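Notes follow once the structure below has been shown.
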Amino acid sequence: YLLARLYIEKKNYDSAFDIYKQIDKKQNTKGSDLFSFGEFVYRDGEYKTASEVYKFLIDNYKDEQNTPLAKLGYAKTQEALFILQYNLSNPEWKPYSSLQKIDGNEINPVIEAYEEIIKTYTHSEVGIEANIRIGILQLYYNNNESEAEKYFKHITETYSTSKFASLAFIELGNISLKQAKLDAAEKSFQSVIKLSRANAEDKSFANYQLAKIFSFRNDFESARKNLLSVMGNLKDNIANDAIELSILLNTAKNDSSNL
């Protein structure tokens, strides 16, 4: 273990991988240490090595406890590698009109990997997360809103108690907002706030989006109430955006009252 940890500290993950394989074989840990190593490497952004770790687990431990998570991890590394390549081809400074179209040969294998997980682990959280990932790929990389909607709605309608339901509602709300369907967007974001399993960050984002919707309707008082709930936690990632929007709304409200 000590040698493996030294390799990890030096970010020599390939050598650490070799050591963990030896440890696993000697101690018969059934891939548990390897899985933890793969998760660590994935979080550190070393997707190629993480992919190799997950693939090794899938090939050598077909029926172990971590097999479903290893399959999900492998699919997520393929998605991460695809996104890295996409971002290299489409840097942020490029205008939207010059963005390269997605090559089906690049994105389809990722979607197919998630589809296979859905078939195998249909009603598990692993399968539900695979639905979310496909929806996000369809929405933000294939620009296919209708296809994305199918996956998000499948979660909200079939697995409303899942921890991924709040994200599905958020993405449905984002799609409706993009399509200028304010009532549908409001319904989706309100659903996030009502969910008992929605995390604080998702609820803050939903309140922020609701504030924008109310501001579009010139309902500044309702917008202010939603923003206050976001600004109550300054550690939240979206708190600064909420403060900026609050300032703009106060200006707009004062301007309208002076007319």
Side-chain angles (χ1 to χ4, degrees), residues 17 20-21 24 28-84 104-142 144-172 175 188 191-192 195-199 201-202:
F17 182 25
Y20 271 111
K21 282 190 284 188
D24 184 73
N28 193 27
T29 58
K30 297 182 179 181
S32 60
D33 287 339
L34 274 166
F35 178 75
S36 298
F37 171 65
E39 293 284 274
F40 176 84
V41 175
Y42 174 81
R43 288 194 299 270
D44 203 40
E46 293 291 332
Y47 303 122
K48 185 175 180 296
T49 303
S51 175
E52 292 169 0
V53 176
Y54 292 131
K55 188 70 168 64
F56 179 85
L57 288 166
I58 293 165
D59 292 341
N60 291 277
Y61 302 95
K62 298 187 184 298
D63 299 309
E64 295 300 332
Q65 183 179 355
N66 286 326
T67 301
L69 291 172
K71 289 183 177 180
L72 180 64
Y74 180 74
K76 287 168 78 170
T77 57
Q78 299 311 295
E79 177 186 354
L81 289 167
F82 158 74
I83 291 172
L84 282 175
N105 292 326
E106 295 175 355
I107 195 171
N108 288 343
V110 182
I111 291 174
E112 288 165 7
Y114 283 127
E115 290 283 12
E116 188 60 35
I117 290 169
I118 292 169
K119 287 178 187 175
T120 309
Y121 309 106
T122 305
H123 301 298
S124 69
E125 288 290 280
V126 168
I128 298 167
E129 185 174 358
N131 276 282
I132 277 282
R133 301 314 310 166
I134 294 176
I136 288 171
L137 286 167
Q138 292 288 7
L139 180 59
Y140 294 105
Y141 296 95
N142 260 352
N144 192 334
E145 292 176 1
S146 60
E147 192 66 19
E149 261 186 318
K150 285 197 298 185
Y151 287 93
F152 297 139
K153 282 184 176 178
H154 178 61
I155 294 170
T156 60
E157 293 171 2
T158 312
Y159 306 107
S160 59
T161 58
S162 165
K163 65 180 180 180
F164 297 105
S166 61
L167 181 54
F169 274 119
I170 282 173
E171 295 298 356
L172 286 171
I175 291 171
S188 291
S191 295
V192 177
L195 282 175
S196 59
R197 291 196 70 183
N199 59 54
E201 191 171 327
D202 284 351

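Please read these numbers as outputs of a predicted model, since none were measured by experiment. One is the number of the first residue; the rest follow in order along the sequence. Computation of the quantities below employed the complete heavy-atom set of this structure, encompassing side-chain atoms and omitting hydrogens, waters and symmetry-equivalent molecules.
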Which residues pass the side-chain contact (heavy atoms from CB on, under 4.5 Å) test with [X], not counting sequence neighbours?
X	result
Gln78	Ser51, Tyr74, Leu81, Val110
Lys71	Ile58, Thr67, Ile117, Tyr121
Thr156	Lys153, Ala168, Phe169, Leu172

Distance (rounded to the nearest 0.5 Å) between [X] [atom1] and [Y] [atom2]:
X	Y	atom1	atom2	result
Ile132	Ser166	CD1	OG	8.0 Å
Ile136	Asn142	CD1	CG	13.5 Å
Ile170	Ser191	CD1	OG	11.0 Å

Pairs where residues 108-122 contributes a residue and the test salt bridge (Lys or Arg N to Asp or Glu O under 4.0 Å) is met, not counting sequence neighbours
none

Does atom NZ (Lys30) have a neighbourhood of more than 12 heavy atoms from anything else shown, all under 6.0 Å?
no

Under the criterion side chain to side chain contact (heavy atoms under 4.5 Å, CB included), I'd like the reasoning laid out for Leu137 against Ile111: C-alpha separation, chi angles, the key distance, then a yes or no.
CA-CA 8 Å; Leu137 286 167; Ile111 291 174; 4.1 Å; yes

For Phe40, is there any backbone N or O sitting under 3.5 Å from a side-chain donor or acceptor partner on Asp44?
no

Heavy-atom donor-acceptor pair, Asn199 side chain to Asp202 backbone, under 3.5 Å
yes

Which atom of [X] lies closest to which atom of [Y], heavy atoms considered:
X	Y	result
Ile128	His123	CD1-O, 4.5 Å
Ser162	Glu125	OG-OE2, 3.0 Å
His154	Asn131	CD2-OD1, 3.7 Å
Leu139	Glu171	CD2-OE1, 3.6 Å
Pro68	Val126	O-CG1, 3.8 Å
Ala75	Ala113	CB-CB, 4.0 Å

Non-neighbouring partners of [X] that pass salt bridge (charged side-chain N to carboxylate O under 4.0 Å, His left out), sequence neighbours left out:
X	value
Glu129	Lys76
Asp33	none
Glu79	Arg133
Glu147	Lys150

ring-ring contact (aromatic ring centres under 6.0 Å, His included) against [X], all qualifying residues, sequence neighbours excluded:
X	answer
Phe37	Tyr20
Tyr141	Phe82, Tyr86
Tyr42	Tyr47
Phe164	none

Trace of the side chain to side chain contact (heavy atoms under 4.5 Å, CB included) decision for Leu34 with Asn60
CA-CA 11 Å; Leu34 274 166; Asn60 291 277; over 6 Å; no

